[in-house]
Amino acid sequence: MLSHDAHRASAALLDWYHANARTLPWRSAPTPWRVLLSELMLQQTRVDTVVPYYERFLARWPTVEAFADAPLDEVLEAWAGLGYYRRARNLHRAARAAVAVGGVPPTVEGLRSLPGVGDYTAGAVASIAFGAAVPAVDGNVERVISRLLGLELDPKGAAGRRAIYAGAAALLPAERPGDLNQALMELGATLCAPRAPRCGQCPIRDGCRARAAGVQELLPRRKAKTPPVRVRGVAAWIEGDAGLLLARRPEEGLLAGMWELPGGELLPGEAPEEGLLRLLSARIGLAGAVGARVGAVTHLFTHRRLELEVFVLLPATSPPRLVDYYSDLRWAAPPWEGLPLSTLARKTLALSRRGPLLAAEPGRSWSTG
């Protein structure tokens with residue numbers, strides 16, 4: 001399969017990793033809980049962003065049992081700013097499922113049964129924490145193996161996935177399979193970059209088919225990304241005696257269980273003021289008059305670019321109530337302790353130029369006491 005001896009390539013990778021691996025907190029003592037925590041945090045997130053979150057989580061919940069006992073709201077609050085909040089919920093569910101079976105499972109099959117754990121994460125935890133000789137193929141490994149083998153296949157397609165998995169498996173030694181998997185990841189993260197790879201420093205450059213053909217920057221072959229869809233949204237800044245009105249999103253879907261200013265997406269061609277009144281009536285039973293525009297924020301999700309405008313809502317004749325969509329309502333004030341807030345929600349809460357809360361105007365505030 002390979003144009004060079006797999007054993008020699010594996011030895012070269014391990015020697016290179018031993019000499020060049022970055023010092024990362026989860027590598028010092030790769031217990032099953034530490035590896036599982038780091039791998040779920042690292043999904044779709046840069047290492048330098050994850051490190052402080054990982055250290056805070058581990059200090060607060062040093063064992064999988066401690067984390068499983070934590071209330072979900074505390075987990076979501078601690079996760080705030082890391083993005084992709086479904087990972088936090090899956091991590092919490094996975095911890096509880098692991099504790100229910102006596103700890104983090106040692107096999108790929110057992111790990112795959114945990115919520116939010118896919119093939120890559122199962123392979124990473126099984127090999128790094130338990131020494132199982134199974135591949136762990138992430139985006140970095142896809143790139144390294146695609147170039148090493150000179151694969152013209154899309155790594156996300158079925159044929160490409162099979163070829164890359166087989167290529168990674170062929171390099172695995174009976175001993176230190178976790179280190180070999182990490183060596184491949186490290187190589188992709190530091191030398192075998194998407195652009196301008198530093199081939200001269202690569203420990204397996206002599207057997208790399210892409211380098212030999214001069215096409216290393218063209219591999220792997222990926223389908224063109226679809227540009228994010230533009231979405232218009234609107235939210236209400238509603239003040240009462242006890243603070244600002246926040247609403248909790250449903251327990252499923254985007255930003256599940258997170259708190260935000262009440263609002264939602266606009267219909268095509270809908271004016272923001274009209275859409276806000278429509279959404280507030282349908283979701284929290286409010287009617288009123290739209291006041292000043294507080295400001296606007298833009299937030300990029302994986303496939304959506306949300307442009308959100310925020311307006312003051314002047315008090316209506318009846319208090320807000322749950323009607324549809326939201327699971328809870330609450331009056332709150334800074335510093336928002338105990339409330340899981342997404343980065344998007346924090347952007348909107350920081351919009352007021354007159355401080356954390358808009359100065360209440362006489363006669364324009366609900367009594368919430």
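Keep in mind that what you see is a predicted model, and the values were worked out from it rather than measured.
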Search all heavy atoms of Pro62 against all heavy atoms of Ala66 and return the closest pair with its distance.
CD-CB, 4.3 Å
Quick check for you: to the nearest 0.5 Å, what is the distance between Arg56 atom CZ and Leu82 atom CG?
9.0 Å
Could you walk me through whether Leu180 and Leu171 pass the side chain to side chain contact (heavy atoms under 4.5 Å, CB included) check?
CA-CA 8 Å; Leu180 192 283; Leu171 293 173; 4.1 Å; yes
With a 4.5 Å cut-off on side-chain heavy atoms, are Ser281 and Leu277 touching?
no
Charged N to carboxylate O under 4.0 angstrom, Asp73 versus Arg248?
yes
On the ring face of Tyr325, is Arg283 found with NZ or CZ under 6.0 Å from the centre and within 45° of the axis?
yes
Side chain to side chain contact (heavy atoms under 4.5 Å, CB included) between Val144 and Val141, worked out:
CA-CA 5 Å; Val144 171; Val141 176; 5.6 Å; no
Minimal heavy-atom distance between Trp61 and Ala78, with the atoms involved, is CH2-CB, 4.0 Å
Salt bridge or not between Arg278 and Glu270? Use side-chain N to carboxylate O under 4.0 Å.
yes
Is Leu184 reachable from Trp16 through a run of hydrophobic residues whose side-chain heavy atoms are each under 4.5 Å from the next?
yes
Are Leu149 and Leu218 connected, step by step, through hydrophobic side chains (Ile, Leu, Val, Met, Phe, Trp, Tyr) whose heavy atoms are closer than 4.5 Å?
no
Polar side chain donor-acceptor pair, Arg34 to Ser28, under 3.5 angstrom
yes
Heavy-atom closest pair, residues Cys192 and Arg147:
SG-NH1, 3.2 Å
Quick one, Trp331 with Ile238, criterion side chain to side chain contact (heavy atoms under 4.5 Å, CB included). Give me CA distance, side-chain angles, the key distance, then yes/no.
CA-CA 9 Å; Trp331 298 94; Ile238 306 170; 4.2 Å; yes
Close side-chain approach of Leu76 to Leu341, heavy-atom, < 4.5 Å
no
Co-membership, hydrophobic cluster, residues Val35 and Val101, 4.5 Å side-chain
no
Looking at the rings of Trp237 and Phe311, which for Trp means the six-membered one, are their centres under 6.0 Å apart?
no
Should Leu254 and Arg304 count as side-chain neighbours, where that means a heavy-atom distance under 4.5 Å?
yes
Is there a side-chain contact between His303 and Pro228 in this structure, where contact means two heavy atoms from C-beta onward sitting under 4.5 Å apart?
no
Those residues that, when tested against Asp179, pass side-chain hydrogen bond (donor to acceptor under 3.5 Å, both in side chains) (two or more places apart)
Arg176
Looking at Glu152, I want to see if its CD is surrounded by more than 12 non-hydrogen atoms of other residues, nucleotides or ligands under 6.0 Å.
yes
Run Leu314 and Val290 through side chain to side chain contact (heavy atoms under 4.5 Å, CB included) and show every step you take.
CA-CA 6 Å; Leu314 306 183; Val290 177; over 6 Å; no
For a quick test of reading the model, state the closest non-hydrogen atom pair linking Ser146 to Pro220 and the distance between them.
OG-CB, 3.5 Å
Check this for me: does any side-chain nitrogen of one of Arg161 and Glu142 sit under 4.0 Å from a carboxylate oxygen of the other?
no
Could you verify whether a donor N or O on one side chain and an acceptor N or O on the other, from Asn90 and Arg87, lie under 3.5 Å apart?
no
Tell me, with the steps shown, if Glu186 and Arg22 meet salt bridge (Lys or Arg N to Asp or Glu O under 4.0 Å).
CA-CA 8 Å; Glu186 190 79 355; Arg22 292 168 293 175; 2.8 Å; yes
Assigning hydrophobic clusters by single linkage (Ile, Leu, Val, Met, Phe, Trp, Tyr; side-chain heavy-atom cutoff under 4.5 Å), is Val117 placed with Ile128?
yes
Could you list the residues that satisfy salt bridge (charged side-chain N to carboxylate O under 4.0 Å, His left out) with Glu39, not counting sequence neighbours?
none
Flag side-chain contact, heavy atom, 4.5 Å: Ser10 against Leu172:
no
If I take atom CG from residue Leu151 and atom CG from residue Leu219, how far apart are they, to the nearest 0.5 angstrom?
8.0 Å
Give me the atom names and distance for the closest heavy-atom approach of Gly257 to Glu251.
CA-OE2, 3.8 Å
Looking at every non-hydrogen atom in both residues, tell me the closest pair between Gly295 and Leu351 and how far apart they are.
C-CD1, 3.9 Å
If I take atom CD1 from residue Ile204 and atom CZ from residue Arg211, how far apart are they, to the nearest 0.5 angstrom?
11.5 Å
The side-chain contact (heavy atoms from CB on, under 4.5 Å) partner of Arg305 among Val229, Val231, Thr298 is Thr298
Report the residue from Tyr53, Trp33, Trp26, Phe67 that forms a side-chain contact (heavy atoms from CB on, under 4.5 Å) with Leu58.
Trp33
Going by heavy atoms in the side chains, are Arg321 and Ile284 under 4.5 Å from each other?
no
State, yes or no, whether a side-chain contact exists between Leu261 and Leu244 at a heavy-atom distance under 4.5 Å.
yes
Give, for atom NZ of Lys156 and atom CG of Asp154, the distance between the pair rounded to the nearest 0.5 Å.
8.5 Å
Could you tell me whether the side chain of Thr45 and the main chain of Leu42 form a donor-acceptor pair under 3.5 Å?
no
Given Glu265 and Arg232, is the salt bridge (Lys or Arg N to Asp or Glu O under 4.0 Å) satisfied, shown in steps?
CA-CA 6 Å; Glu265 295 182 14; Arg232 296 165 57 236; over 6 Å; no
Spatial distance of atom CG (Asn140) from atom CD (Gln182) [nearest 0.5 Å]
12.5 Å
Under the 3.5 angstrom rule, does the side chain of Glu77 hit a backbone N or O of Gly338 as a donor-acceptor pair?
yes
Check the hydrophobic clustering (I, L, V, M, F, W, Y; side-chain heavy atoms under 4.5 Å; chains of links allowed) and say if Leu111 and Val134 are grouped together.
no
Rounded to the nearest 0.5 Å, the CG atom of Leu255 sits from the OG atom of Ser342 at a distance of 5.0 Å
After noting the C-alpha distance and the side-chain angles of His299 and Phe301, does the key distance pass the ring-ring contact (aromatic ring centres under 6.0 Å, His included) rule?
CA-CA 7 Å; His299 192 77; Phe301 295 97; 4.9 Å; yes
I'd like to check Leu280 versus Pro262 (side-chain heavy atoms, cut-off strictly below 4.5 Å). Are they in contact?
yes
